[in-house]
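Heads up: the structure comes next, in structure tokens.
Proteins get letters first, then strands, A, B, ... in listed order; numbering begins at 1 in each.
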Amino acid sequence: MPARGAAQLSRRMGQKKQRLLEAEQHPSPPDRAQTLSPLEPCLQPPATLSPQRSIYFSSPKSHSAQLGSEFFDQPAVPLARAFLGQVLVRRLEDGTELRGRIVETEAYVGPEDEAAHSRGGRLTPRNRGMFMKPGTLYVYIIYGMYFCMNVSSRGDGACVLLRALEPLGGLETMRQLRSTLRRGATGRALKDRELCSGPSKLCQALAIDKSFDQRDLATDKAVWLERSPPGSGEPPVVAAARVGIGHAGEWAQKPLRFYVRGSPWVSVVDRAAEQNARA
DNA sequence: CTCATGATCCGCT
DNA sequence: GCGGATCATGAGG
């Protein structure tokens, strides 16, 4: 196939971007100030406070709504459902806050789950987060180039995969992060629906990488969960088969993926499942 | 819209 | 060595 050479060539770029992501620690990516708030680099937040000086105001206002460990301390299936509607927040080092409402999750219920990385009780350095306390993140690399973000639930080796968000804030920064990090970076602008509609897309959009593995979602300062605004009620939920696990026999069929019915932000819609569950 | 394909490399056997 | 909890693209309807 003649077209091959050109394709390969343009792929080389992908690696560097990947490494760039691994580095993360840096405030802002290659992008200019653009959408990021025009803060002077030398301008500190309201003067003075040394790191741990004040216990009273030690947590920023934005953290007041941060959901604590109680929320995460429930089995994978109820937790996967409870996540729907809640808001995931990511605070970048330059202060930019990115937020998105969770609209799609998957439950991995533990050692008996043939599709889980913890199947058969496997405990390795990689999946250790699955066995840590509820609320612990398990971030891993998939297909050599993407990340997936899970949250440990109650139960050994059980967790919830975050699959899609409805972007609520920081869309332009998300767009930049996605454009910079994705492969095949043809300049074309991404639609809003392409920002967070998939487990690895949302990791790119929120700048979540391996450095977040084993962090605690209940206490972390750079990523946390907020209760959905009151009045938004409980969204109608569809239970469907999980995505991308063709193997794993009967476990592949079980309805362990949950998403908000009718949401345009979901990564994969399952018409059959929706038909089935009609009430 | 639905396929089909290839990229790419770490973690495990 | 092998394969994967994915994504972007291109062809065809």
Side-chain angles (χ1 to χ4, degrees), chain A residues 1-22 76-77 80 83 104-111 113-130 137-153 157-165 174-175 177-191 193-205 208-211 213 240-249 251-259 264 266-272:
Chain A
M1 293 147 197
R4 192 84 162 284
Q8 280 186 333
L9 217 93
S10 70
R11 297 289 184 240
R12 306 266 169 196
M13 307 291 276
Q15 289 193 341
K16 284 185 181 173
K17 289 169 188 170
Q18 184 83 359
R19 311 224 175 271
L20 219 135
L21 190 68
E22 300 281 5
V77 167
F83 264 125
E104 182 182 355
T105 60
E106 282 178 3
Y108 289 83
V109 305
D113 185 344
E114 284 299 316
H117 290 167
S118 57
R119 77 186 91 83
R122 287 167 170 79
L123 169 54
T124 69
R126 178 178 67 144
N127 69 3
R128 178 142 191 280
M130 295 180 79
L137 297 184
Y138 167 39
V139 179
Y140 69 94
I141 301 173
I142 185 174
Y143 296 107
M145 52 183 142
Y146 297 113
F147 296 100
C148 284
M149 174 185 190
N150 302 262
V151 183
S152 178
S153 71
C159 68
V160 174
L161 170 69
L162 303 185
R163 283 197 57 93
L165 309 176
M174 290 183 187
R175 215 181 311 276
L177 284 164
R178 287 270 291 124
S179 305
T180 307
L181 299 173
R182 73 176 170 156
R183 76 185 167 92
T186 68
R188 91 167 228 279
L190 292 162
K191 298 171 184 172
R193 288 173 51 160
E194 299 176 289
L195 293 177
C196 303
S197 56
S200 298
K201 292 179 189 176
L202 75 86
C203 284
Q204 282 184 347
I208 298 290
D209 64 24
K210 190 83 173 166
S211 73
D213 189 40
R242 292 173 291 183
V243 175
I245 47 175
H247 53 89
W251 280 92
Q253 323 294 348
K254 293 182 187 286
L256 293 173
R257 183 166 68 99
F258 305 97
Y259 66 85
V266 166
S267 70
V268 180
V269 170
D270 187 331
R271 298 291 174 204

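What separates CG of A:Leu190 from P of C:dA8 is a distance of 7 Å, to the nearest Å. Atom-to-atom, OH of A:Tyr138 to C1' of B:dC10 comes out at 11 Å; the value is rounded to the nearest Å. Computed from coordinates, the A:Met145 CE to B:dC9 P distance equals 8 Å when rounded to whole Å. Distance A:Leu161 CG to C:dG4 C1': 14 Å, rounded to the nearest Å. To the nearest angstrom, C1' of B:dC10 lies 13 Å from CG of A:Asp213. The interatomic distance linking A:Arg126 (CZ) with B:dC9 (P) rounds to 16 Å, in whole Å. Atom pair A:Tyr108:OH and C:dA5:C1' shows a separation of 4 Å (rounding to whole Å applied). A straight line from CD1 of A:Ile142 to P of B:dC10 spans 15 Å, rounded to a whole angstrom.
Within the 4.5 Å cutoff, the side chain of A:Tyr108 has no heavy atoms near those of the A:Leu256 side chain.
Distances from the side chain of A:Tyr146 to the nucleotides C:dA8, C:dT6, C:dA5 place C:dT6 closest.
Ion pairing of A:Lys201 with A:Glu194 is absent here, as no side-chain N (NZ or NE/NH1/NH2) approaches a carboxylate O to less than 4.0 Å.
A:Arg178 has no side-chain polar atom (N or O) that falls below the 4.0 Å cut-off from OP1 or OP2 of C:dC7. Not one side-chain nitrogen or oxygen of A:Lys210 sits closer than 4.0 Å to the OP1 or OP2 atom of B:dC10. One finds a side-chain N or O of A:Arg163 lying less than 4.0 angstrom from the OP1 or OP2 phosphate oxygen of C:dT6. Phosphate proximity of B:dT13 to A:Arg122: present, with a side-chain N or O under 4.0 Å from OP1 or OP2.
The environment of CZ in A:Arg126 is crowded: more than 12 heavy-atom neighbours from other residues, nucleotides or ligands sit within 6.0 Å.
A:Met149 comes within 4.0 angstrom of nothing in the nucleic acid, heavy atoms only.
Taking all atoms of both residues into account, the shortest heavy-atom contact from A:Ser267 to A:Glu104 is N-OE1, 2.7 Å.
A donor-acceptor contact shorter than 3.5 Å links the side chain of A:Arg175 to the backbone of A:Leu190.
Searching all strands for a Watson-Crick or G-U wobble partner of B:dA7 with both distances below 3.5 Å returns C:dT6.
Aromatic stacking is not marked for A:Tyr143 over C:dG4, as the cut-offs of 5.5 Å for the centres and 30° for the planes do not both hold.
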